Amino acid sequence: MLELQQITKKFGERTILDHVDLTIEDGKILCIVGQSGGGKTTLLRCISGLEQIDSGKILVNGKEFDPYVNSNNEAVIGVVFQEYNLFPHLTVLENVMLAPQMVLKKDKETATREANELLKKLALGDKGNLYPWQLSGGQKQRVAIARALAMKPQILCYDEPTSALDPGLRDTVKEIILDLKKEKMTQIIVTHDIEFAKEIADDILKVKPLSN
């Protein structure tokens, strides 16, 4: 279970998150929706450790957890970025293998086997030797998901996972997210797509800009 207690985040004099309280049960899907400037992405970045909170607490399974300083954060909270952030000089397989080898210290044979299993699961089994520039947007999205899953996180966060996808690929991402739910993966999704959120979410958090 992930708990946020009184989370506050400011940029300069501007308050983006003001004493946010939030609880996400294990295996549930939370969608964070709302207009631009409401703090959706900032909240996700605080949860995933890409931004440091100014005050408040984050708890995972009842224990206080600081994703900003935790050296093994990716094994707890994984992130699928809107821009995918794949390494262009590495193949698809190498992109998925890299973090497990460097962070989790897995040997090459194990990392290769597990990466291939993930790629096959996400219908990318024949793409391992390709480079990111050779992939479609939907394929890059699935590689990004595979890379995050390779770290075996307890919680998986997505930043606008359908923003650049056509309707068919949008449905593919929806199916992946719902399949991961069956495997009890806790998922947090920032999206501007209200209908997409309604189709997949157990809970929806609506945010709006604060008056500063």
Side-chain angles (χ1 to χ4, degrees), residues 29-45 47-51 74 77-102 111-112 114-153 155-183 185-201 204-205 207:
I29 297 173
L30 171 72
C31 282
I32 305 172
V33 302
Q35 57 187 289
S36 297
K40 301 188 303 295
T41 298
T42 298
L43 180 57
L44 193 76
R45 289 175 65 85
I47 291 170
S48 60
L50 296 172
E51 296 285 353
E74 286 183 304
I77 302 174
V79 186
V80 179
F81 297 98
Q82 184 176 0
E83 301 84 7
Y84 314 131
N85 287 10
L86 301 176
F87 294 108
H89 63 290
L90 299 180
T91 65
V92 166
L93 184 63
E94 290 167 341
N95 264 281
V96 178
M97 291 170 55
L98 184 63
Q101 287 184 280
M102 295 188 66
T112 302
E114 292 182 352
N116 277 317
E117 288 172 356
L118 281 169
L119 292 175
K120 185 177 180 180
K121 178 179 178 180
L122 295 174
L124 293 165
D126 60 343
K127 307 299 182 186
N129 291 325
L130 298 182
Y131 288 87
W133 64 269
Q134 297 174 293
L135 304 177
S136 68
Q139 290 167 341
K140 290 177 185 177
Q141 180 70 281
R142 281 179 280 151
V143 174
I145 293 171
R147 186 177 63 178
L149 289 174
M151 294 298 291
K152 301 187 184 300
I155 300 160
L156 188 56
C157 300
Y158 307 78
D159 186 11
E160 298 284 5
T162 63
S163 63
L165 304 181
D166 63 33
L169 293 174
R170 173 186 175 279
D171 288 342
T172 298
V173 172
K174 180 178 78 171
E175 290 170 9
I176 291 170
I177 290 170
L178 292 176
D179 283 344
L180 289 172
K181 180 184 177 181
K182 293 175 185 176
E183 299 175 12
M185 173 69 72
T186 304
Q187 299 173 89
I188 303 170
I189 301 156
V190 162
T191 181
H192 68 285
D193 189 339
I194 300 295
E195 291 306 312
F196 180 75
K198 290 178 179 177
E199 290 170 9
I200 62 172
I204 295 177
L205 173 67
V207 299

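Note that the structure is a prediction, hence the values are computed from the model and not measured. By convention here, the first residue in the shown sequence is residue 1.
- Every residue meeting the side-chain contact (heavy atoms from CB on, under 4.5 Å) condition with Thr112, not counting sequence neighbours, appears here in chain and number order: Leu93, Met97, Lys108, Asn116.
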Could you go through the side-chain contact (heavy atoms from CB on, under 4.5 Å) check for Val79 and Arg45 one step at a time?
CA-CA 9 Å; Val79 186; Arg45 289 175 65 85; over 6 Å; no
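- Smallest separation of non-hydrogen atoms from Leu118 and Ala146: CD1-O, 3.5 Å.
- Side-chain N or O atoms of Glu199 include none that pairs as donor or acceptor with a backbone N or O of Phe196 at under 3.5 Å.
- The distance from the CD1 atom of Ile29 to the OG1 atom of Thr186 is 9.5 Å, given to the nearest 0.5 Å.
- Here CZ of Phe81 is found 11.5 Å from OG1 of Thr41. Values are rounded to the nearest 0.5 Å.
- Take Lys120 and apply the side-chain contact (heavy atoms from CB on, under 4.5 Å) test, not counting sequence neighbours, and it matches no residue.
- Between Arg142 and the choices Leu119, Val173, Leu124, the side chain to side chain contact (heavy atoms under 4.5 Å, CB included) rule is met once, by Leu124.
- Between Lys40 and Glu160 the shortest side-chain heavy-atom distance falls below 4.5 Å.
- In this structure, Ile200 and Cys31 have side chains that are in contact, with non-hydrogen atoms separated by less than 4.5 Å.
- Expressed to the nearest 0.5 Å, how far CD1 of Ile176 lies from CG of Asp171 amounts to 11.5 Å.
- With a 4.5 Å cut-off on side-chain heavy atoms, Ile47 and Cys157 count as touching.
- The minimum heavy-atom distance linking Gln101 with Ala111 is given by the pair CG-CB, 3.6 Å.
- Closest approach of Gln187 to Lys181, counting heavy atoms only: NE2-N, 3.5 Å.
- With values rounded to the nearest 0.5 angstrom, Tyr131 atom OH is found 10.0 Å from Asn95 atom CG.
- Note that the CD1 atom of Ile188 and the CG atom of Leu156 stand 9.0 Å from one another [nearest 0.5 Å].
- The only member of Ile155, Leu149, Ile177 that meets side chain to side chain contact (heavy atoms under 4.5 Å, CB included) when paired with Met185 is Leu149.
- Residue pairs meeting the salt bridge (charged side-chain N to carboxylate O under 4.0 Å, His left out) criterion with at least one member in residues 86-100, sequence neighbours excluded, do not occur.
- Looking only at distances, a side-chain donor or acceptor of Arg147 sits under 3.5 Å from a matching main-chain atom of Tyr84.
- Salt bridge status for Arg170 with Glu195: absent, with no side-chain N to carboxylate O gap under 4.0 Å.
- In this structure, Asn129 CG and Lys127 NZ are separated by 11.5 Å, a value rounded to the nearest 0.5 Å.
- Nearest heavy atoms, Ile77 versus Ser48: CG2-CA, 3.9 Å.
- Under the 4.5 Å side-chain criterion, counting only non-hydrogen atoms from C-beta, Gln141 is not in contact with Thr162.
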